[in-house]
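Here is the structure we will look at, set down as structure tokens.
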Amino acid sequence: MDSVILKGRKNGYEITLNASANFDDNMVDLNRLLEKLSEAEQESDSDLGFYLKTGSRLLNDAQMKRIYDLFDKYKGFSIADLQADVADLAAIAAAEKVNHIHVEMATIRSGQEVSYESDVLFLGNLHPNGVLKSRGNIFVMGDCSGILCAGFPDNEDAIIVGDISNVPQIRISDTVEIINKKNQQFSKSTVALINDLHVLDFDTLDHLSSLRPKLYRKMEDNL
Amino acid sequence: MAISLVITSGKGGVGKSTTAANLGTALALMNRRVCMIDLDIGLRNLDVIMGLSNRIIYDIVDVVMGRAQLHQALVKDKRFDDKLYLLPAAQNSDKNVLTPANVVDIVNQLRPDFDYILLDCPAGIEQGFQNAIAGADGAIVICTPEIPSVSDADRVVGILEQTDMKLAPRLIINRINRQMMNSGDTMDVDEITKHLSIGLLGIVFEDSNVILASNRGVPVVMDPEDNASQGYRNIARRVLGESVPLMTLKEQKPTFFQKLFGRHQHKH
């Protein structure tokens, strides 16, 4: 039973399948372990949920099915959770897409719409009638004369930072603001955000720690 | 083998056909064999500017529909020996008859016989535009110093950049009113070029002779003394790879006698 280890944890039983062993050996040992446990638990009526850990082995669908089928054979035993310490490349790429800041240096021309899943640091040129859309925040350092759309479609916490003097319109989540230079002064440290009244509002970067503490901490951690 | 260039703008009325006619004529004057193709089906006017309307027997749609051979539809401009030909657009056909594949096929058939093929693109970015850019190795984008024109040119450049053309698009700023540009009433040449971020092929000044020439069916570029003609000739030389300085934007001050006799009023 070397390739399978049973441990008692605060929240229940944890079974670790040794990733360096052959998976078939894992299954044989797991079957033997469950057999033993079922004999010991025969008199108990309560259900036991096990937390399975597969270490650095990422199970495929067939392997996962074999494990679930095995547990189905033992009445009262079930799998509460099945986890590996690794993730597949597609999942990592998807997470990366959302979490990292994308640096965009391109020219977005009239009629073009560029969308991102993550935060965007925009260093390029956004021409009139062009649209820069992001699910996250937008940090503007380039020339912007087109529409900026942060937190699309429903991220109310998103912000737009930078000089938006020449931007005709900004959108955050489901709110829209037509920029009127006469009524508002913009600078590099302008922050556009949705306030507590769900109205698109403007502030300055030095208040970011109180306006969006989570984002502020995240940015500090990244520095 | 010919290089095919599409002359496009997005916006109408900025001088696409005029530029195609004058650039084609200028290249023919420089001893290059040129074929101009009018792709504005239903609203053809390249033939009018060239003064060739009365000589059209077949058009591009006739060729595509198999009613005529390609060489039968080509209209030869007798003023330039064997140097300049026009393939006219149809005036009364459904504009959707033509497909990008048809244009590519026609351009490829013409390539061995010419040095340059100029495709006169219709306004807009619909089917006609797609047909025109499909057959082109490169694009010449025309804009005037007006924001709507620059904005449309920007849209067109965006589309052109997404298509796989052999040559990068180049810009002609047409109908420049020197007085307005010098006084800052319109965007200046640098601003437009910087905004569109493509190479500048040339500038052409606003000139009433261009309208007169179009009405007469004699492209203005045939008059070597004319201001706009000089602009088109410079553009043709740059197309051929020569390095030609831009024309000056400074206005010529009328002399005392010109003022006295009012002769300067006709010059721009």
Side-chain angles (χ1 to χ4, degrees), chain A residues 97 102-118 120-135 138-150 152 160 162-171 176-184 186 188, chain B residues 6 8-12 14 16 121-130 132-133 138-165 168-173 184 186-200:
Chain A
K97 241 184 177 181
H102 184 94
V103 180
E104 177 61 75
M105 298 179 77
T107 298
I108 303 173
R109 295 183 182 277
S110 171
Q112 292 180 333
E113 188 176 305
V114 179
S115 300
Y116 294 100
E117 294 293 312
S118 65
V120 182
L121 173 60
F122 187 69
L123 306 175
N125 287 307
L126 177 61
H127 287 183
N129 297 321
V131 181
L132 174 62
K133 231 177 215 184
S134 163
R135 197 175 273 271
I138 298 176
F139 305 95
V140 174
M141 287 180 80
D143 291 337
C144 283
S145 310
I147 294 173
L148 294 171
C149 194
F152 180 82
I160 296 173
D163 187 357
I164 49 171
S165 320
N166 297 323
V167 174
Q169 195 183 96
I170 59 166
R171 301 174 189 173
V176 179
E177 180 78 14
I178 294 166
I179 305 293
N180 188 345
K181 268 191 275 186
K182 284 178 195 161
N183 300 342
Q184 189 81 35
F186 298 106
K188 284 175 186 170
Chain B
V6 60
T8 184
S9 69
K11 193 177 179 301
V14 294
K16 288 181 293 299
C121 181
I125 50 171
E126 294 90 21
Q127 181 70 44
F129 171 79
Q130 298 297 341
I133 63 170
I140 296 176
V141 179
I142 315 289
C143 82
T144 58
E146 300 164 60
I147 289 171
S149 169
V150 175
S151 173
D152 287 1
D154 190 37
R155 176 86 178 99
V156 163
V157 172
I159 299 170
L160 291 171
E161 282 176 345
Q162 284 168 350
T163 57
D164 195 17
M165 278 192 183
R170 284 182 290 179
L171 176 70
I172 292 178
I173 305 173
T186 61
M187 290 173 86
D188 69 29
V189 172
D190 285 343
E191 270 179 305
I192 297 170
T193 312
K194 188 170 171 261
H195 181 82
L196 294 176
S197 343
I198 57 172
L200 181 64

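In the text below, chain A, chain B and the rest are named by the order of the sequence lines, each starting its count at 1.
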Honestly, the part of B:Val150 sitting under 4.5 Å from a heavy atom of chain A is neither

Quick check on A:Asn129 against chain B: is it the side chain, the backbone, both or neither that has a heavy atom closer than 4.5 Å?
side chain

Tell me whether B:Ile147 at atom CD1 has more than 12 heavy atoms from other residues, nucleotides or ligands lying less than 6.0 Å away.
no

Could you report the tightest heavy-atom contact between A:Pro128 and B:His195, atom names first, then the distance?
CD-CE1, 3.6 Å

CZ of A:Arg109 to CG of B:Leu196: how many Å apart, nearest 0.5 Å?
6.5 Å

Approximate separation, where rounding is to 0.5 Å, of A:Thr107 OG1 and B:Asp154 CG:
8.5 Å

Please check if atom CE in B:Met165 has more than 12 non-hydrogen atoms from other residues, nucleotides or ligands closer than 6.0 Å.
yes

